[in-house]
Structure formats: structure tokens, C-alpha cells
Amino acid sequence: MEAIARGVDLATCDQEAIHIPGSIQPHGVLFLVDEHFRIVQASANAARVSRQTSEGPLGKPLPEILAPGAEAILDALEGVEDGPPQSLGLCNLNGTPFSALSHRSAGQLVLEFEQVAAEQASRDAFYPEIRAFIEALQATRSFEELSRLVVRQARKVTGFDRVMLYQFDRDWNGTVVAEDLGGALPSYLDLRFPASDIPAQARELYRLNRLRLIPDANYTPVPIRPTLNPATGKPIDLSFSALRSVSPVHVEYMKNMGTLASMSVSVLREGRLWGLISCHSRAPHHVSPAARSTCDLLAQIFAAQAAAQEQMRETAHRVELQSVQTRLLARMSAEENFAEGLIGHPDELMHVAGAYGAAVVLGDFCRTVGAAPGEAEVRAVADWLRERQKEVFATDRLPAVMPEAARFKDTASGLLAVSVSKLHAGYVLWFRPEVIRTVRWGGDPNKPVEPEAGNLRLHPRKSFEAWKETVRERAVPWRESEIETATELRNAILGIVLRKAEELADLAQELARSNKELEAFSYSVSHDLRAPFRHIVGFAELLRDAGPEPLGPERQRYLQIITEAALSAGRLVDDLLNYSQIGRSSTLHVRVDMNRLVAEVRRILMPEWRDRDIEWVVADLPPTQGDPGMLRQAWQNLLSNAIKYTRKAERARIEVGSEILPHETVFFVKDNGVGFDMAYVGKLFGVFQRLHRVEEFEGTGIGLANVRRIAERHDGRAWAEGKPGEGAAFFLALPRDEGKV
């Protein structure tokens, strides 16, 4: 477990150049040779494998330097390619057996000789262990069984006192998930070790070079000479070296653990470092290259089998979630509103992500189910997600990234969210509650190093006793299958929304066409009916005055009824014509003086109120942007209604005013007339809708419909408030355009 080097602090721990230590461990010899097989650099102990000579090896051809017995190694050296170290076989040099490895570094060849015992030389000796491992592998049904099997078999192959399976989490903290002990060292099972124990550059070396051995922590490093490569001017890169010397602080770390020998075998998943098979012994302990290769094979088989088991579990879970999702989508598609469809099936909505609570937020719509935060908190989470523009977001520690979420950690320490609308900031949210748990660390993770008294040099911690920590504001992590299912649900929802949007667009197009046809028809009918009604009135007047004798009272009454009905029908036709013209005509956008417009309308309507006692309260009105003709008609309808419906008041009062808001100006007309019941306010602005009998108050029921249509043509709105016997208020809101008003 690499830690920080001498003379540096924690801030520089991840920058220690442990791949270029400039030295090797003493149980082997190293050469760096160029393309002509001339020695460029060599370890200081090169004489162990060299011929008897009074001169050093540098600059000499490698075949002239190596002792007899290396001929096969030299032949194999010519076939070394780029990539991981390649075994070149065994040889006996100066009476000592060695195993040879080679790899390329900066285009040059690194050749390593590692001393081995004669009885450890053959890899065939470990075949029974490999076969037993594979046979036992078939019977494992869980990750726990598989983990125990691999550490047990690795200890049989290597003979270490303690073999652990060490798994990294996403923050690179490591947990001992399986262990096999020989009794000489304490158990570390279930202990967690902080990421600082294995810095980033050490993890990268573990990923590149799967095997690393330290047979004796009390070793004296053997320097490489010269220090810098004459061809590159840099130290030799020993990332792939089996003999690479390690950081002095790591050696101290081992001694603090009570171990003098260690070996690590990397466990990779899809090229990523998943964990380590970590081996320790109390006394020095050497493991042959054959045994190390066997452990490497065990680690690779374990990784493949563990991945297969995990894939099977995830596939089964994914199939289950897909089944739930299919039912949810079927029910949701049958609903008019997908959000209502989701909320309407709470159990399936929560099950599809393995959540305890859920919520759907879409514009003004916000509904929750299960154990979820309140609406205000849910909207706060949605706003936080929108600011970060997250389409899919998952965390098991929401308070760590959104501090205000600590207030509702009991229901939402875990959050999985998918965006379903950018237009309305729409999200489907799933929640998981806080799960308080105790984590056992191998020593206090908050004190990875301790300063030495009177010395600025930092040391690794000395205690590895179990140290307990209570973890809060964390939820059970979301599984990959749950995140994928939520993402698929998002895509399905977007598909449903898009399909409905297309249907609505087609419907809107058809409605627009129908409206145009209806407007054209109403315009034509209204225009053509005006002349016949005028003729009816005219001929009724002629009948009243024609003949040698005047008509009797009864006939006079009949003619009067005909005349009034024709005049009423004519007014109705005129109003219909105006209503149609508002929809058909283009809208001007000019500056309109509303004070002048209201004054003009009051003069036009003066015959209706000249003989009445009406108190007019007209405030100064701000100008606006719009169509003067349409706005004049709106004011005429509103003021005419106010005059009409205050007819029965002892002293009529009509107030005209406005209110300037940030994005619109609201104009209003208030009166103290007969008022209306708010239960029927929805009928006021409809065509031919009346709340009073025509015998009480004349009218066609189209005036307020015109007001609303005029407001809509200006991208505004119109509404009313009232109370029976206490008057009414009508409002016309128009958008503000500061740059033009």
C-alpha cells in the first residue's frame, strides 16, 4: 500500500514519482539495453549475472557481459514486443538459478533477472492448485463464497501468513471483503482503509503491472547506474518492472503493520482496477515468478467469474424492473396526462427504481407518493437539478452535494432523477432515506500520517486497530440496473410526450382551419343578414303608416314587436360581424394613449348615461402598445356594461384605473352594480353567454367575448370578479414592452 515519500507532505502524496525510483530490490539484477543490445544502464549488483571482468558493463554488448548459460535468454530477447513484461524462461548464471523477464521502456529493452530456488522454478508444480480452484469455482453460488475460495487458494500457492481480497469503492477507499489466515498475523476482515493508503499514481501502477512483490521490507535498495538514461536524459521508467524499489514510506507502512513481506495481485474489471489480492507475512518471504503467475491467473479467473455472477444478478434484476416498467408505461399511455398516469400507480413508480418515495414535477404540477419530502422541498430539488442541467442524476449522498437537503435527509438522502421536459422543468424523482451505519476502519482514516517529534518528515500511521465511524446522510446506493431503467423510462416518457405533442399539433392545425372556415362563414352570414333585417324594419314602418285608415292598437303592437325583434337581430348580427372581424383582421402594434381612448369612449356612450347620476372615478392611465381600434372596442364593451348594470343602483359609481406589474399592465373597470355569482364566472366571456335575463338588461351576450378575444390577440388576458348585489370588476392585462411604450 503506497503512501507518501520522505520529505513530502500529504498535499504532494499523489505526485510522488514512484515509477522512477532509480533503484531495484536486491533479489534481482536489471539491465537496460539499446537496439544494438549494448548496455545503457545497469543495477549496481550486475556482477551477480556477469562474466568475470575488471571493467563495468556499461556500453558493452549484453552477450559479452552475461555469464555463460544465458544463450536461450538472449535468443528470446530479440522477440520481445511492446506491452506487459514477457517471461524469457530460466537460466543458471554463475551457479545460481534465475528467472528472466523483459519489456520495453522508451523504445529500449529492460531485462530483469530474479533469483529463484530450484524447487520453485517450474510452473507445472501449481497445476493441481489451479485445477482444484476451477473445480471448486463451479460450486460457488455467491460472491462471498467465490471471494473466500480465491484467498484460500492464493495462500496455498504462495505460503503467505495472511491473504486478503481488498475491494475499492468509488472513492478508492478499500475494504477487506475476504481473508485467509495462518495465525501469525491479525485479522483485517471487514476493515476499511482510506484512499490515501494507495495514492492515485500507485493505483495506476497496479493497473498497468498486475504483480508486485516485496520479499523483505528490510532490504537495501540497489541503485541503477547511471542515474539518468544517456539517450533520454531521464530516469528509467520501472512501471512494468518486477524488481522496482518501493517508496521508503511504504516500507515503513509495512513495518507498522507488523509485516516484512508483501505481494499484491491486481484484480481488473474491463481494464479498471477493481481490487487487490493482498498478501502479507510477518517474516521475509520470497515467492517465485511461477507462483506469482499462478496467483495472477487465479485473480483473472476470479475477476471473470465475479463479473459473470454480478452480470447474472443485474440481468435478473433488470428483467424484473423492465417488467414493472412495461406495466407502468402501458397504464401511463392510457392516461391523458402522463404525470397523472405515473402518480396514479405509486407502487410501480417506486418499484421501477427500488425507491421508498417518488415525485413528479412538471410546471405547476407537483405530486409525491410514498416516503418523499414535502412539495416545497421537492421543488427546491427540481430547481437545483435544473440549474445543473442534469438529464439523469443519481447520488446516495444528496446532502453532500446539496447542503440544504440535510433538512429532509430522513426521506431523501438518496436521489435518482430524470428530466422529462426542458420547457417546463419537468422531473421524475425517486428518493431513498438515510441509512445510519457503522464503518470499521483499519486505524483512524482522519489521521493517515503522524509527524515525528522534532522532525518535519511525515510517517504513515502506526496503529491499524479497528476504528469505528458512524456514517450519516447516506442512503443505499443506486444499482446500475436501476439507473438504466430510470433512463429508459425517461426516454419512453419523452416518446409519449412527443407523440401527444404531434397529435396536439395536428389537432391545433385542424382547429385553426375549422376556425378560419367558421369565421369566414359567420362573416358571410352576418354580412348577408344585415340587409334583410333592415328591410323588415323598413316595411314594418311602412305598414304602420300605409292605408286610408290607421291600424288598430293590436296590429300596431304586432308591428312594434316585429320592429324591435328585427332591430335586436340586427344588433346581434353587427356584434357577430365585429367578433368575426377581430379574429380575421391583423393586429397593429403602436403606442396607444389609454387616457385619450377612454375619454373618446365615454363621449360615444354619453347618450346612455347623460340623464343618470353616475360618479366617474377615472385615474391617469399609462400608455400601452396595441391595436387602437381593438382596444377602443374593448373599452366600449367594458364601460357600456358598467353603465348598463349600474342602472338599478341609487347612486352609480364606475371606477377606471390600472396597475403596473413587472411584465404586464392591468387595466380595470369596477362598478357597484348588480354584480354576479363567481360560480358562473366561466360563462361570462363565452359567446351568447348571459347571467341576467334580457328583459332586465338588454344585450347580445357577445361583448365580453370580444374583450377576451382582443386580449388574446395582444398576448394578454381578461378576467372578472364579482359578488351578487355588490358590483363587479373587469380586468384587461396587456404585456409590457418597455422599449416601445
Side-chain angles (χ1 to χ4, degrees), residues 560-561 563-565 567-576 578-579 582 594 597-619 621 630-659 665-712 716-734:
Q560 183 62 31
I561 292 173
T563 301
E564 290 178 356
L567 288 172
S568 177
R571 285 194 296 271
L572 178 59
V573 168
D574 288 342
D575 287 347
L576 276 174
N578 288 335
Y579 184 78
I582 291 172
M594 297 298 262
L597 207 59
V598 169
E600 290 178 1
V601 171
R602 287 181 61 196
R603 284 196 298 272
I604 293 171
L605 297 176
M606 188 173 291
E608 297 182 19
W609 61 274
R610 178 182 298 156
D611 299 329
R612 292 179 50 197
D613 184 11
I614 296 179
E615 178 187 359
W616 288 91
V617 181
V618 182
L621 303 177
M630 290 187 184
L631 294 176
R632 180 183 288 106
Q633 187 172 350
W635 280 115
Q636 188 164 336
N637 285 323
L638 293 175
L639 294 178
S640 178
N641 274 359
I643 293 169
K644 182 196 306 182
Y645 291 108
T646 57
R647 188 182 298 159
K648 297 181 180 181
E650 292 184 6
R651 178 174 174 77
R653 186 178 189 276
I654 300 175
E655 180 183 356
V656 179
S658 64
E659 181 182 2
T665 301
V666 180
F667 299 95
F668 60 80
V669 176
K670 300 179 181 179
D671 65 62
N672 63 341
V674 295
F676 62 88
D677 190 337
M678 285 296 290
Y680 305 103
V681 69
K683 300 176 63 177
L684 274 179
F685 293 91
V687 180
F688 303 132
Q689 297 292 329
R690 298 175 52 85
L691 301 185
H692 303 278
R693 291 184 298 118
V694 71
E695 290 82 3
E696 294 182 276
F697 298 100
E698 71 282 359
T700 60
I702 299 179
L704 290 179
N706 278 335
V707 172
R708 171 162 287 179
R709 175 165 277 201
I710 290 168
E712 291 171 349
R717 55 199 180 102
W719 70 98
E721 298 173 0
K723 194 171 183 180
E726 297 185 15
F730 292 85
F731 301 88
L732 174 65
L734 301 175

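What you see below is based on every heavy atom in this structure, not just the backbone, and it leaves out hydrogens, waters and symmetry mates.
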Participant: Below 4.0 angstrom, N of the basic side chain to O of the carboxylate: do Glu655 and Arg653 qualify?
Facilitator: yes
Participant: Just do the side chain to side chain contact (heavy atoms under 4.5 Å, CB included) check on Leu639 and Asn641 with the steps written out, would you?
Facilitator: CA-CA 5 Å; Leu639 294 178; Asn641 274 359; over 6 Å; no
Participant: Does any N or O in the side chain of Asn672 come within less than 3.5 Å of the main-chain N or O of Arg651, such that one atom is a donor and the other an acceptor?
Facilitator: yes
Participant: Compare every heavy atom of Ala720 with every heavy atom of Met678, then report the nearest pair and how far apart it is.
Facilitator: CE-O, 3.8 Å
Participant: Tell me the closest heavy-atom pair linking Val707 and Ala718, and the distance in Å.
Facilitator: CG1-CB, 4.2 Å
Participant: State, yes or no, whether a side-chain contact exists between Leu732 and Trp719 at a heavy-atom distance under 4.5 Å.
Facilitator: no
Participant: Supply the atom-to-atom distance Glu615 CD to Ile654 CD1, rounded to the nearest 0.5 angstrom.
Facilitator: 10.0 Å
Participant: Nearest 0.5 Å, please: how far is CG in Asn706 from CZ in Arg708?
Facilitator: 12.5 Å
Participant: Could you tell me the separation between the CG atom of Leu704 and the CZ atom of Arg709, rounded to the nearest 0.5 Å?
Facilitator: 14.5 Å
Participant: Closest heavy-atom contact between Val618 and Arg602?
Facilitator: CG2-NH1, 3.8 Å
Participant: If you round to the nearest 0.5 Å, how far is CG of Leu597 from CD of Glu600?
Facilitator: 6.0 Å
Participant: Heavy atoms only: give me the nearest Ala652-Arg612 pair and the separation to one decimal.
Facilitator: CB-NH2, 3.8 Å
Participant: Atom OG of Ser658 and atom CZ of Phe731: how far apart are they, to the nearest 0.5 Å?
Facilitator: 12.0 Å
Participant: Could you pull out the closest heavy-atom pair between Ala619 and Gly657, with the gap in Å?
Facilitator: CB-CA, 4.1 Å
Participant: Using a 4.5 Å cut-off on heavy atoms from C-beta on, say whether the side chain of Phe676 contacts that of Lys723.
Facilitator: no
Participant: When you measure from the side chain of Thr646 to the backbone N and O of Ile643, does any donor-acceptor pair fall under 3.5 Å?
Facilitator: yes
Participant: Would you indicate whether the side-chain heavy atoms of Val601 and Leu638 approach each other to under 4.5 Å?
Facilitator: no
Participant: Return the minimal non-hydrogen interatomic distance between Leu631 and Met594, and the atom names on each side.
Facilitator: CD1-SD, 4.3 Å
Participant: Starting from the C-alpha separation in whole Å, work towards a yes-or-no answer on side chain to side chain contact (heavy atoms under 4.5 Å, CB included) for Lys670 and Phe730.
Facilitator: CA-CA 6 Å; Lys670 300 179 181 179; Phe730 292 85; over 6 Å; no
Participant: Test Val617 against Val656 for side chain to side chain contact (heavy atoms under 4.5 Å, CB included), laying out the working first.
Facilitator: CA-CA 6 Å; Val617 181; Val656 179; over 6 Å; no
Participant: Checking side chain to side chain contact (heavy atoms under 4.5 Å, CB included) for the pair Glu659/Phe667: CA distance, chi angles, key distance, verdict?
Facilitator: CA-CA 7 Å; Glu659 181 182 2; Phe667 299 95; over 6 Å; no
